[in-house]
Amino acid sequence: MRSETGDVVLSLKGVSAGYGRITALHGIDLEVRRGEIVTLLGANGAGKTTTLKTISGLVRAQAGSITFEGEELVGRKASAIARMGVVHVPEGRHVLRGLSVRENLELGGFTVHDSKLRGERLEEVFGLFPILQQRQHQDGSLLSGGEQQMLAIGRAMMHGPRVLLLDEPSMGLAPKLVLETMRIVKQLNERGATILLVEQNARLALKLAKYGYVLETGNIRMEGEASDLAKDTAIVRAYLGG
Amino acid sequence: MFDILAQQLINGLVLGSFYALVALGYTMVFGVVKLLNFAHGDLYMVGAFVGLMAFSFLAPIIGPGWFGVGVSILLSMVAIGFLGVVIERVAYTPMLKAPRLSILITALAVSLVLQNAVLTLTNGQILAFSPKLGFGGVNLGSIFISFKQLVLVGTAAVLMIALELFVSRTQYGRAMRAVSVDKDMCELMGIDVNRVVAVTFFVGSALAGAAGTMAGAYYGSVWYFMGFLIGLKAFTAAVIGGIGSIPGAMLGGLILGLLEAFGTQIPGIGSEWKDVFSFSVLILVLVFKPTGLLGKSEQERM
Amino acid sequence: MAEDEARSRVWSGLDRWFDTPAKKGAILAVLAAAMIAAPLIFGPYATVILTNALLYAILALGLNIVVGYAGLLDLGYAAFFAVGAYSVGILTVQFGWNFWLTLPVAVAAAALAGIIIGGPTLRLRSDYLAIVTLGFGEIVRIAARNLQITGAASGISGIEQPWLFGWHIAGPLDFYYVFLVLAVIAVIVSVRLAESRLGRAWLYVRHDEDAAEAMGIDRVRVKLAAYIIGAIYGSLGGVFFAVNLTAISPESFSFRQSTLFLMAVILGGMGKIPGVILGAFIVVLAPELLRDLGSFRLLIFAVGLLLIMLFRPSGIWPTRSRS
Amino acid sequence: QGLTVGVQVPTTGSEATYGQDMANAIQIAIDEINAAGGILGKQVSEVVGDDACDPQQATNAATKLASSGVVGIVGGYCSGATVPTLKIYGDAKLPFIITAANSTKLIPANPGNAFMINSTGNDQVAKAMEVFTKRGLKSLAIVNEGDAYSQDLAELTRKAWTDAGNTVAAFETVNKGEQDYSAVVTKIKAANPDGVFWTAYYADGGLLIRQLREAGYQGLIAVGDGSNSPDLFKLAGEAAEGVIGFSNPTAEFLPGAKAFADAYMAKFGNAPGPYAPLSYDGMKLLAWAIDKAGTTDSAAVIEALKGADFKDGLAGPISFNKDNTLARSNFIVLEGKNGTWALAE
Amino acid sequence: MSEQLLQLSGVTLGFAGNTVLQGVDFTVEAGRIASLIGPNGAGKTSLFNCITGFYKPQQGAITFDGRAMLPLKPFQVTQAGIARTFQNLRLFRGMSVLENVMSGQHCRTKAGAIAAIFRPASQRREEAKIEQVASECLRFVGVDAADWHREATTLAYGHQRRVEIARALATEPQLLLLDEPAAGLTKSEKEELTALITSIRDERGVAVLLIEHDTGLVMSISEKVSVLDHGVLIAEGTPVEIQNNPKVIEAYLGSEDAEDALAL
Ligand SMILES: Nc1ncnc2c1ncn2[C@@H]1O[C@H](COP(=O)(O)OP(=O)(O)OP(=O)(O)O)[C@@H](O)[C@H]1O
Ligand SMILES: Nc1ncnc2c1ncn2[C@@H]1O[C@H](COP(=O)(O)OP(=O)(O)OP(=O)(O)O)[C@@H](O)[C@H]1O
Ligand SMILES: CC(C)C[C@H](N)C(=O)O
Ligand SMILES: [Mg+2]
Ligand SMILES: [Mg+2]
């Protein structure tokens with residue numbers, strides 16, 4: 001199926017997970033290789049968010065194995081996984097209320113103990129998102145929806161991720177900003193981050209990604225090179241539209 | 001008349017320092033886990049007992065003076081810090097997903113447990129805590145300020161400022177505030193939430209331990225019921241200042257101390273009404289500034 | 001339909017036990033018979049304790065409206081209890097009123113107290129409301145302790161016990177039945193409120209004030225209603241408490257009492273009527289059952305309380321499991 | 001089949017030490033009674049009802065005691081908690097010997113079955129007036145703790161003192177357990193009265209005395225019978241030197257109480273507290289009354305108590321006024337000397 | 001009834017030195033669909049909050065159906081006939097779908113505590129009416145009756161959106177404000193939503209003011225589109241006019257080229 005080039009950074013094998021009695025993932029297999037953008041598509045409630053949460057440790061896998069650079073992630077605490085360099089930008093931004101924009105960013109670099117490096121990354125983020133610099137002393141939760149999304153991505157950049165899990169980064173963004181965000185995702189990727197991208201906007205996601213998976217009610221229904229998926233009629237009908 | 005008011009000012013500041021120290025612990029714990037830790041006053045009480053025990057043990061070795069008291073305070077801080085963490089692990093952490101009111105009741109239960117455990121252990125006895133700190137002081141006209149008072153207020157101020165700097169300026173302090181808002185997000189940023197909560201409890205409780213020992217040594221007695229009233233007062237102080245805010249707790253403590261001192265002095269009505277006076281002020285403050293004096297309004301975006 | 005949902009919420013699944021009129025009748029009859037017979041079986045001491053438990057059940061049901069329905073934390077509920085008790089004490093002892101005439105005054109006084117304290121402060125967030133209510137409770141207690149008219153610290157004694165159509169309500173048994181009737185009324189009122197427009201509004205406001213407001217609900221008014229109704233429950237509890245004991249004093253209205261009432265509400269499971277009643281019974285009966293342990297009894301009670309909360313964080317009564 | 005006696009004291013809550021002490025003393029009395037063949041030939045045992053010094057708990061405890069087949073009740077430490085129990089024991093027609101609680105508020109509430117063997121606040125105030133006048137005091141600051149007992153004593157003192165043409169320079173209430181009394185101390189010092197009278201318990205009294213002296217107050221300090229514990233000196237230290245205390249007779253000043261004190265020490269490992277002798281006496285009095293009546297029938301026992309003429313009390317003979325209060329004043333005057341109480345001349 | 005149902009003039013709002021809205025003049029006609037678009041942070045939601053009384057602008061006037069809205073509290077605005085949904089879902093947790101929607105009828109009914117306790121006939125009639133209106137609204141927005149007694153927050157996202165709209169409709173509004181109702185919906189769900197919004201106008205005669213970033217949706221149903229940027233209204237017109245307005249393209253829409261640049 002998948003071409004055998006590049007080493008596997010993140011790999012899921014037979015992963016099942018859910019909430020209480022609800023099982024949302026039924027044994028999925030998924031691979032992300034170094035330097036790739038891989039996208040995960042699917043309808044509402046298909047289990048995309050659950051997949052990301054299971055990787056990052058917020059949801060406990062009921063079965064299967066998840067490895068990052070060969071190390072097993074299942075059973076580790078979310079904070080430990082994050083410290084390994086797997087950074088999850090969750091759906092809904094989760095800007096920290098009561099902390100200023102700048103403090104939000106600083107905390108994104110919690111695991112970066114070198115304050116000089118933190119400073120450099122902060123500059124970098126401000127360079128990408130000037131509005132965040134302007135608002136740096138404002139309470140982060142008072143930003144508009146789109147500004148909060150920028151903050152959330154900036155926060156992940158502060159961390160210096162090795163693998164970035166992005167959950168619907170374009171949700172609620174103005175069209176221009178959607179493009180802008182995608183450009184940034186691409187930039188991050190070009191700078192070396194491996195990215196697993198969940199997007200409702202399948203058209204753009206498939207443009208960005210190298211490889212894609214389609215999730216349906218907790219099962220992988222289809223996978224393939226992004227360019228091939230973008231031509232698949234079933235996918236076009238279900239997710240791409242006009 | 002001026003002398004009296006000046007003296008009451010000093011009385012209020014001393015009392016207010018205690019309130020502030022205890023309020024600080026309240027506020028910290030509240031700030032991070034959104035829990036009104038009703039057992040906090042009892043940690044203060046246990047702190048006083050631990051301090052007294054340490055002191056009784058140390059006084060023959062290192063003397064019953066400032067040094068002996070100082071070391072006792074430190075020991076008590078460590079012990080109560082750990083007790084706080086144990087309580088957090090046993091009683092609060094398992095409850096983090098429970099309704100908030102349930103945790104409140106758990107806190108009340110912990111308070112009852114501590115109080116009655118000490119009651120049983122000490123048979124309800126009041127123990128004397130009598131260090132030799134001398135009666136020296138400075139005279140300012142007709143006003144006398146003892147060294148004890150100066151050291152007390154000074155120590156309280158240093159502890160408070162150190163804490164404020166820690167919470168507002170360090171990554172760890174930021175992490176504490178962040179944990180109160182969104183635990184999952186903190187985990188995703190690599191923050192070990194459990195550890196942050198434990199540190200918070202440690203620091204908050206250690207402050208209560210310090211305050212308890214200081215109060216024991218300053219006033220000279222220790223008993224199992226001594227945490228109840230100050231717990232209530234510190235809670236009040238924390239709210240006046242704006243719960244969750246560290247400078248607020250300091251300010252609230254001092255204001256409450258002053259209100260009580262001057263409330264006693266209101267002509268025509270006696271000291272029996274002083275608490276009515278301070279609670280009325282509290283209510284008025286909240287009516288006009290619903291988040292307390294320095295509390296941040298938690299305006300949510302629509 | 002929606003009524004069923006509210007009912008099922010407050011009965012927390014218990015309603016399934018009496019879904020047909022026949023079942024309902026049978027269960028109620030058994031329950032009533034048990035409650036009526038209890039004092040005759042268990043003797044005078046149990047009667048007094050059960051009376052006390054019923055009193056707590058009434059107060060807890062009242063507080064449940066404030067805390068459980070409307071989501072307002074109240075740490076000074078004893079104040080309303082005091083308002084009722086002192087209304088009777090003052091009016092009958094100092095002014096020689098007939099007991100029954102004091103009832104409307106107690107209700108009005110409680111409502112007024114509810115408005116005075118609630119009006120300006122109900123906009124506060126719940127933690128702040130907690131301290132305001134605590135402060136209010138303390139103000140009431142300190143006032144009672146220092147005023148002449150309330151008998152200061154010694155309180156008021158020699159409160160006369162009432163007559164009802166030639167029946168002198170005097171012995172422990174009489175009061176047991178009085179409190180039983182009051183408790184039944186309290187339950188009925190609680191259920192009916194929960195099933196009403198107002199009851200739903202409390203829940204809306206409790207879950208999301210802004211969304212509720214956007215739905216055209218005046219949150220202050222709705223909260224105030226909860227506050228006033230809770231106050232009236234507390235006050236009526238206090239009225240009958242006073243005539244039962246014939247002596248009242250400020251210690252009965254302390255912060256500790258308020259926390260005990262709150263414990264009753266939460267221990268059993270707030271918002272759920274059987275839970276609240278269960279909580280009240282535990283809070284009253286447990287220390288009594290432990291009485292023989294002497295000075296250990298409160299320690300054991302406290303540890304028990306802690307264990308209950310740890311193992312049943314949402315209260316002992318199970319949450320409804322609906323299809 | 002033995003007899004049981006109900007003991008109503010606080011064994012939890014802030015007054016637990018006193019309550020335990022009273023229950024212990026009663027146990028000593030019971031041991032002696034049993035050793036001497038019991039009451040009416042029956043062995044006696046005590047059942048303790050904890051009133052926690054709280055009115056509502058007290059009613060529960062009292063109801064339980066009243067319905068547990070006891071022959072009588074001994075105890076009653078806190079006036080506030082004792083008042084509502086009077087009716088319960090009254091309705092049960094049980095003899096109730098109140099061994100410590102002595103607020104005058106108990107007197108009108110007594111249905112007739114209760115007997116107060118500690119002199120009441122009235123007697124204490126009379127004693128206090130006598131001492132204050134003798135010491136030449138003209139103005140007085142009165143401080144209480146806001147509970148039924150200390151407020152009652154304070155009010156009685158205020159009335160007697162002003163009736164006698166003196167001035168009350170300050171009348172203050174502090175909160176129990178507050179520790180910091182500096183504000184009240186400053187107020188008192190400014191009013192500069194000849195004496196300060198603390199009408200509440202030693203726990204807070206000790207701290208108040210110390211703070212008064214540390215602030216430089218030099219007038220007379222007196223304390224009421226709630227502060228007659230030797231522990232006052234542990235808390236107040238040197239500041240308690242010269243403090244005047246009004247007290248019911250405590251074991252150390254009762255020559256006849258030596259054997260009792262030794263027995264207490266042997267059994268419980270510490271010295272008897274301030275209300276131990278009266279509690280011991282109360283138990284002995286009840287035994288005496290039952291023996292005298294020749295039956296445990298409560299009406300007869302109550303009759304016997306009314307006409308009591310009991311000579312064997314550690315704290316002196318017991319007989320009663322019409323209102324069932326102790327016929328004589330048993331107050332003694334103590335003075336702080338060398339870190340403990342001594343009889344004042 | 002005036003043609004202009006809602007009228008804003010010179011609305012200016014700021015927070016601690018940040019100007020969020022600057023002299024916004026704006027109208028919505030009765031029975032029409034108007035849309036408000038603009039970059040993130042332009043002040044769209046804030047404008048909704050001003051209209052509904054949650055924010056108090058420092059300057060300007062807002063009239064609805066000839067009545068001044070600014071002095072009113074949010075619940076009074078709703079009573080006056082303006083209903084809204086929230087940008088983030090805000091259903092009442094722990095309550096059924098039906099109960100959620102019944103909340104909308106609160107401001108159209110009046111039974112109080114006494115009526116609740118004694119249950120006179122009038123109260124029972126009112127309860128029946130509340131339930132009937134709520135059911136009707138749910139049917140209208142197309143929530144399956146099988147879901148009415150489920151806890152609202154356990155529903156799929158798209159369905160929760162519908163419940164929120166039903167809840168707003170249950171207040172019997174003349175004007176409905178929808179804040180990004182299509183966010184997070186799949187393509188087919190968006191199509192259904194489009195149909196729903198149109199029928200709200202056509203069948204119920206309720207005017208709609210829509211905030212939405214899905215330009216396709218906005219352009220397909222709006223009679224008028226207004227564009228807000230940095231708190232200033234920069235353009236207003238028909239969908240076609242707006243789509244071709246260079247200022248709007250510059251500030252909001254972005255160019256097709258940018259999208260193509262994404263491809264590797
Ligand atoms: N906290 C939760 N408790 C119970 N069930 C949940 C929870 N979160 C998600 N689910 C359920 O798990 C399934 C998968 O949800 P998930 O959020 O992973 O979907 P998704 O693909 O991310 O959808 P969307 O596009 O709406 O974000 C859904 O059926 C959902 O109802
Ligand atoms: N309560 C508030 N306090 C301070 N600033 C606020 C507040 N509410 C909004 N703002 C600011 O006002 C600006 C406009 O926010 P608003 O939410 O109205 O934008 P929006 O147009 O709805 O954006 P989006 O499309 O991203 O939702 C933002 O910069 C935000 O930071
Ligand atoms: C000192 C004691 C005899 C007073 C007792 N505690 C009372 O309340 O009356
Ligand atoms: Mg998702
Ligand atoms: Mg918005």
Side-chain angles (χ1 to χ4, degrees), chain A residues 19 22 37 41-46 49 91-93 131 134-135 137-139 142-150 168 170-187 189-190 200-210 226-227 230 236-242, chain E residues 15-18 20 37-46 87-89 154-161 179-180 182-191 211-216 218-220 227-231 243 248-264:
Chain A
Y19 309 86
I22 302 166
I37 298 180
L41 306 175
N44 265 301
T49 298
E91 189 176 36
R93 300 151 197 156
I131 183 81
Q134 274 172 38
R135 296 288 172 82
H137 300 298
Q138 187 179 332
D139 189 327
L142 295 178
L143 296 177
S144 83
E147 292 160 352
Q148 290 190 14
Q149 187 63 58
M150 299 178 207
E168 305 210 19
S170 76
M171 176 148 158
L173 294 193
K176 194 177 152 192
L177 254 177
V178 171
L179 296 179
E180 181 69 17
T181 312
M182 292 302 165
R183 193 176 56 75
I184 288 162
V185 169
K186 193 173 165 202
Q187 254 183 34
N189 175 246
E190 281 162 359
Q200 202 58 258
N201 192 332
R203 201 158 49 95
L204 285 182
L206 287 174
K207 271 192 185 168
L208 269 175
K210 176 154 190 321
S227 48
V236 172
R237 207 170 338 104
Y239 303 108
L240 303 182
Chain E
F15 291 103
N18 260 333
V20 174
I37 61 175
N40 296 107
K44 305 180 295 296
T45 301
S46 299
Q87 184 163 357
N88 306 317
L89 281 173
T154 64
L155 254 52
Y157 190 83
H159 287 148
Q160 292 194 37
R161 280 271 172 221
D179 198 349
E180 298 196 27
L185 297 191
T186 57
K187 197 178 128 255
S188 57
E189 283 176 325
K190 278 181 184 167
E191 281 159 8
I211 295 179
E212 187 45 66
H213 285 306
D214 186 315
T215 24
V218 167
M219 300 306 169
S220 68
V227 187
L228 204 58
D229 185 25
H230 288 101
Q243 264 168 313
V248 178
I249 294 172
E250 159 69 26
Y252 181 68
L253 296 172
S255 61
E256 296 283 328
D257 313 346
E259 184 173 326
D260 295 336
L262 279 177
L264 291 161

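Per chain, numbering begins at 1; letters A, B, ... match sequence-line order.
- Annotation for A:Lys176 and E:Glu250: closest pair NZ-O, 2.7 Å, computed over non-hydrogen atoms.
- When heavy atoms are compared at a cutoff of 4.5 Å, E:Ala182 does not approach chain A at all.
- Nearest approach of A:Gln138 to E:Asn18, heavy atoms of both residues: OE1-ND2, 3.0 Å.
- Counting heavy-atom pairs closer than 4.5 Å to chain E, the top-ranked of the candidates A:Glu168, A:Glu91, A:Arg135, A:Gln149 is A:Arg135.
- Contacts between E:Glu212 and chain A at a heavy-atom distance below 4.5 Å are absent for every atom of the residue.
- Checked against side chain to side chain donor-acceptor pair (under 3.5 Å), E:Thr215 has no partners two or more places apart in sequence or in another chain.
- For E:Asn40 against A:Leu173, the heavy-atom pair with the smallest separation is OD1-CA, 3.5 Å.
- Heavy-atom minimum distance, E:Pro39 versus A:Ala174: CA-CB, 3.9 Å.
- Partners of A:Glu180 under the side chain to side chain donor-acceptor pair (under 3.5 Å) rule, at least two apart in sequence or in another chain, are A:Arg183.
- One finds the NE2 atom of E:His213 at 10.5 Å from the OG atom of A:Ser170 (value rounded to the nearest 0.5 Å).
- Of all the listed residues (E:Gly43, E:Gly41, E:Gly158), the one sharing the greatest number of non-hydrogen pairs under 4.5 Å with chain A is E:Gly41.
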